[in-house]
Amino acid sequence: MKRVDIKLGFQCNNRCRFCVQGNKREKYSDKTTKQIKEILRKTCKKYDGVVFTGGEPTIRKDLPELVQYAKDLGFKVIQIQTNGRMFAYKDFCQALIKKGANEFALALHGHTAYLHDSLTTVPGSFEQTTTGIKNLKSLGQRILMNTVITKPNYKYLPQIAKLLVNLGVNQFQFAFVHINQMILSSPKLIDEIVPQKSRVMPYVKKGLQIGIDAGVSVMTEAIPYCFMKDYEDYIAEKIIPEGAVYDATWSIEDYGKYRKTEGKAKGPDCPKCKHYRVCEGPWKEYPQIFGWQEFKPVKS
Ligand code: SF4
């Protein structure tokens, strides 16, 4: 399946401390309804799926109208990528489903309100997001979860996995925090938010295993092969649908290619690695902080 991701705008009702899009909030205004419909018309012949993302798409009043528009244009998969808080309102879930939304990608960053809310910086967000998962589940929807791996939560990934399994989600992913310029320029934020990959891995694998044992589809993002011994099949980059991204004022026609050529990087020893050709490497900001010592080429 090929899909188009449309960032509707960067406003959000959460203020996640690690948000990779957060520094765009003040710089760029939201797309208008007309602009979004134009993108949908332009892309509907080429792509089977559309992802409405942001920022937080559910805080826009026109989201139901946009979902209906995408459905009428023939998009088969209409995914809402969201912090999930608005889905605590069952009538909101029902309204979007009625218009044609059929895949829901929510984010949960802790197994307790204390941990999740301290990362989103919004008290009550854990309660709303978990209620949202339960509501969507009760309405028979496909639920894909994302957890951003950060310093405060990495030791709790197995507990987060258990919670997600118990909530009955269809898939969960652990995505290593994507360091933006705002984080990169703040030694304090780096110290508080960004863990070292080698430290998080035992917890990542334990969490993945909990999902695998329960028959849930699991994956990781932005963790190269050299950290994923025995779990190589769960590397998201192998299966992320191809497609385009409509960002703030620009678009990226082939996001996979962008990741490989601009977003990510490989180290001086990577050419010796047996995964060199398929591996994308880490997001390029990570080695700017920690160097390449942790990335040990895998021998054939
Ligand atoms: S190519 Fe480099 S980053 Fe990728 S798995 Fe090998 S050593 Fe790790």
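The figures here come from the full heavy-atom set of this structure, side chains too, leaving out hydrogens, waters and symmetry mates. Start at 1 with the first residue, then count along the sequence. In each ligand, atom 1 is the first atom listed, and ligand 1 is the first ligand listed.
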Cation-pi, F290 ring and K197 (6.0 angstrom, 45 degrees): no
Closest approach of H116 to A107 (non-hydrogen atoms, all atoms of both residues): CE1-O, 3.8 Å
Distance filter under 2.8 Å, centred on atom 6 (Fe) of ligand 1 - protein N, O or S atoms that pass it: C273 SG
Y203-Y156 aromatic ring centre distance below 6.0 Å: no
Full working for salt bridge (charged side-chain N to carboxylate O under 4.0 Å, His left out) between D247 and K24: CA-CA 10 Å; D247 209 300; K24 296 178 186 165; 2.8 Å; yes
Trace of the salt bridge (charged side-chain N to carboxylate O under 4.0 Å, His left out) decision for K7 with D5: CA-CA 7 Å; K7 297 189 191 302; D5 284 36; 5.6 Å; no
Donor-acceptor pair between E294 and Y286 side chains, under 3.5 angstrom: yes
